[in-house]
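Input: a single structure, listed below in structure tokens.
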Amino acid sequence: MSDSGVKVLDAVVVGTGMAGLYMIKRLNDRGLNIQAIEAGSGVGGAWYWNRYPGCRADLPIIEYSYSFSKELEQEWDWSEVMAGQPEIERYLNHTADRFDLRKHIKFDTKVTDAIYNEDSNTWTVKTDQGDTYTCKYCIMATGCLNEPNYPGFKNADSFKGDIYHTAQWPREGVDLTGKRVAIVGCGSSGVQTIPELAKQAKELIAFQRSPVFTFPARNAPMNPKFLAQAKVDYSDIRERQRNSEMGVANYSGPRRPKDSNKPKKPRPSKKILDLTPEQRKQEVKDFGINALSAYVDPYFNPEANEIACDLYRETLKDILDDPQKAEALSPKNYPLHCKRPVIDTEYYSAFNQDNVSIVDLRVNPVEEVTPTGLRTNDAEYEFDVLVYATGFDAMTGTLKKLNIRGRDNQLLADRWKDGPRMYMGLQTVGFPNFFTTTGPGSPSVVSNVLHSIEQHVEWIDTCIDYLLENNIKTIEPTIEAEDAWVIHVDKAAKGSMMTAPTCNSWYLGSNIAGKPQGFMPYIAGTKTYREECDEVVAKGYEGFALTS
Ligand code: N01
């Protein structure tokens, strides 16, 4: 602590989700003097804030768990194949306690400013609780999906009932028993929570702008034998994750009970165009709608994509009892694989319940919120509770909101006014010693994000060690390297359904009015990206300017 009450540190870590916790551990193990700052009252990040009913992992939890500690892998027993939010939050609390990380964290505190001082090569970080820290390294572990998006309907504040956002669900929970509930938004959060809300609510109205392509999670209680085998196989699983392009090993172990007569999904290398129309239909019959997520050619071939979309819509007619609901829930006008995959548990069967209805906002858009509900251009709806499942100002929202200033007092939000510019998703020009985990331009959200988080944390930690060992005062990208990386990221996305002309998604920023449009993640794959990151290091931090 300096005489002025400013705490002098090696590093400040902002956020204590999966990235922040591991970052704290690495830097602490290295003996650095650190402070982590967390807006919530507990650890967990996305798994702290998103506690809406039905929230769960969309990957098998064996794959979506920390790999950095063999002890943690062995001692934690997961109870479900795709663990739910409460269990993941418990796991992250256990991680914080097991590695004694809490002593580094200041909870219920928001960072307001992070300002670079060119004379001292330090960052001054301020919080809404009046703290001031100076540090050599400022690390934003604030996540990609942190800033909730509200739709900004006319008269939004006039509603007299309760309003919730899935990304800010109350810790104490919400009792919706016997209530008339409306939900706006049918992306991953909406799809996960609708079946759960439908179980409680007297009436549930889903206001939907874009229907989704969603595939059953096939969650199940964890088979103890499978878990025991996974514990034996963890190092192999992690190795396979590292050698994959999504950070996913597709570990199957003994998950399928021996007596199960369910057929396995088609091999992912299979092309839908290689099948006859009869064979395609037969596969959907045999494997369910999930068959359509397994073909490889719909990812890049529009003709294959359209065939898969048609079959998807056909299948919905069989799944849904009401043809009008089937029509409203049918995704149209954008390709399969354009948005982040959505994984559900009994989503469509919820719409077969009599208490669940759907309003197609493509046909009848919202005009305004009223004191008792919502008015569309053809009807007025009354309800007691309004739930927004309207997503996030993804990837850049949190960073652009803060007063982050680099060299020459430049505001990060100004530098990124036409879209984020980063070198490898790790650093941006003009902001020395300022790092982001899973930033724009890295695989982050188009991979097993925890796998990508661990890779970034380890890269940043190794980099800081290198700087300290070699008495290097600052690191930041060169403008040439950053420009080339932005082009490289754009090129990788070309030809993918994620950048198809009819595709709108938060990957592109198109879910937020006025946000610059551009594909933010890097889709070349985690293995390729890791090799590129390693090569940069092997070449003495190529593309970065280092000053002694
Ligand atoms: O947000 P979304 P999300 N009027 O942006 C609609 C991760 N995640 O919170 O598609 C009416 O996907 C919007 O409509 P449209 C995962 O990475 C993971 O659901 O823009 N509707 C859409 O239907 C995911 O991709 C899990 O036309 C409006 C919905 O709101 C990411 O978080 C679980 C509207 C928003 O969907 C975001 O998912 C949950 C408006 N003005 C989330 N504005 C796991 O499984 C928006 N919408 C781990």
Side-chain angles (χ1 to χ4, degrees), residues 17-18 44-47 49-61 63-64 82-85 87-89 143-154 156 165-169 182-194 196 206-217 219 328-329 331-334 337-345 347 358-369 374 376 386-395 397 438 444-450 452 498 502-515 520-521:
M18 290 174 147
W47 295 106
W49 296 105
N50 292 269
R51 52 182 70 242
Y52 56 83
C55 182
R56 65 175 61 255
D58 59 0
L59 271 179
I61 200 69
E63 308 256 6
Y64 186 71
M82 323 273 275
Q85 178 275 336
E87 190 171 18
I88 299 175
E89 191 187 15
C144 297
L145 296 158
N146 185 39
E147 194 61 36
N149 170 46
Y150 284 83
F153 293 140
K154 189 175 160 197
H165 194 294
T166 44
Q168 291 175 323
W169 203 259
I183 182 164
V184 180
C186 298
S188 297
S189 306
V191 163
Q192 285 192 331
T193 205
I194 281 171
E196 294 302 315
F207 289 90
Q208 171 206 258
R209 189 167 64 184
S210 304
V212 284
F213 293 98
T214 173
F215 297 97
N219 184 32
L329 287 162
K332 287 187 198 116
N333 308 326
Y334 73 92
H337 305 311
C338 130
K339 301 184 190 231
R340 160 117 181 166
V342 179
I343 307 295
D344 73 86
T345 302
Y347 179 59
I358 184 147
V359 176
D360 189 342
L361 299 179
R362 292 170 302 177
V363 181
N364 298 114
V366 173
E367 288 205 332
E368 63 171 342
V369 175
L374 242 168
T376 63
L386 175 54
V387 176
Y388 289 116
T390 41
F392 303 86
D393 183 351
M395 304 203 76
T438 61
S444 61
V445 288
V446 287
S447 65
N448 172 356
V449 73
L450 182 50
S452 290
M498 292 175 187
T502 49
C503 184
N504 290 317
S505 72
W506 57 260
Y507 290 150
L508 290 156
S510 45
N511 63 327
I512 303 293
K515 187 164 173 168
M520 293 184 280

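When a ligand or atom number is given, it counts from 1 through the structure's own listing order. Computed over heavy atoms, backbone and side chain alike; hydrogens, waters and symmetry mates excluded.
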>> Holding to side-chain contact (heavy atoms from CB on, under 4.5 Å), I want the full list of residues that pass it with N364, two or more places apart in sequence or in another chain.
In response: T376, N377, D378

> Out of I358, I183, I194, which one pairs with Q208 under the side-chain contact (heavy atoms from CB on, under 4.5 Å) rule?
Replying inline: I358

> Is a side-chain donor or acceptor of K515 paired with a backbone partner of A394 at a separation under 3.5 angstrom?
Replying inline: yes

> Under 3.5 Å, is there a donor-acceptor pair between the side chain of N146 and the main chain of G397?
Replying inline: no

> What atoms in ligand 1 come closer than 4.0 Å to a heavy atom of S210?
Replying inline: 10 (O), 15 (P), 27 (O)

>> What I want to know is whether C186 and ligand 1 share at least one N or O pair that is separated by under 3.5 angstrom.
In response: yes

>> Using a 4.0 Å cut-off to any heavy atom of L145, which atoms of ligand 1 qualify?
In response: 7 (C), 17 (O), 31 (C), 32 (O)

> Between the side chain of N504 and the main-chain N/O of S510, is any donor-acceptor distance below 3.5 Å?
Replying inline: no

>> Starting from atom 36 (O) of ligand 1, what is the nearest protein heavy atom, named by residue and atom, and what distance separates them?
In response: G187 CA, 3.5 Å

> Tell me, which protein residue and heavy-atom name are nearest atom 41 (N) of ligand 1, and how many Å apart are they?
Replying inline: P151 CB, 3.2 Å

>> Between Y334 and F213, is the ring-ring contact (aromatic ring centres under 6.0 Å, His included) condition met? List the steps.
In response: CA-CA 10 Å; Y334 73 92; F213 293 98; 5.5 Å; yes

> Closest non-hydrogen protein atom to atom 3 (P) of ligand 1, residue and atom name please, with distance?
Replying inline: S189 OG, 3.4 Å

>> Out of all atoms in ligand 1, which are within 4.0 Å of some heavy atom of Y52? Include the element for each.
In response: 33 (C), 39 (C)

>> Counting non-hydrogen protein atoms only, what is the nearest one to atom 16 (C) of ligand 1? Give residue, atom name and distance.
In response: R340 NE, 3.7 Å

> Which ligand 1 atoms, with their elements, are less than 4.0 angstrom from a heavy-atom of L361?
Replying inline: 11 (C)

>> Please list, in number order, the atoms of ligand 1 under 4.0 Å from a heavy atom of K339.
In response: 10 (O)

> Would you say T166 and ligand 1 have an N/O pair spaced under 3.5 Å apart?
Replying inline: no

> At a non-hydrogen distance cut-off of under 4.0 Å, which region of F153 contacts ligand 1 (side chain, backbone, both, or neither)?
Replying inline: side chain

>> Quick check on contacts: which atoms of ligand 1 are under 4.0 angstrom from a heavy atom of R56?
In response: 44 (C), 45 (O), 48 (C)

>> Under a 3.5 Å distance rule, please check whether S447 uses its side chain to pair with a backbone N or O of S444 as donor and acceptor.
In response: yes

> Among protein heavy atoms, which lies nearest atom 6 (C) of ligand 1, and at what distance?
Replying inline: G185 CA, 3.7 Å

> What's the shortest distance from atom 37 (C) of ligand 1 to any protein heavy atom, and which residue and atom give it?
Replying inline: W506 NE1, 3.6 Å

>> Surrounding NZ of K332 (heavy atoms of other residues, nucleotides or ligands, distance under 6.0 Å), is the total greater than 12?
In response: yes

>> Could you work out, for atom 8 (N) of ligand 1, the closest of P211, P148, P341, S188 by heavy-atom distance?
In response: S188

> Any sub-3.5 Å donor-acceptor pair from Q192's side-chain atoms to R56's backbone N or O?
Replying inline: yes

>> Only heavy atoms of G391, strictly under 4.0 Å: list the atoms of ligand 1 that pass.
In response: 1 (O), 3 (P), 5 (O), 9 (O), 35 (C)

> At what distance is the nearest protein heavy atom to atom 20 (O) of ligand 1, and which residue and atom is it?
Replying inline: R209 NH2, 2.8 Å

>> Out of all atoms in ligand 1, which are within 4.0 Å of some heavy atom of A389? Include the element for each.
In response: 29 (C), 30 (O), 35 (C)

> Is the F153 ring parallel, tilted or perpendicular to the Y388 ring (thresholds 30°, 60°)?
Replying inline: tilted

>> I'd like to know if the side chain of E89 and the backbone of G44 have a donor-acceptor N/O pair within less than 3.5 Å.
In response: no

> Is a side-chain donor or acceptor of T390 paired with a backbone partner of G185 at a separation under 3.5 angstrom?
Replying inline: no

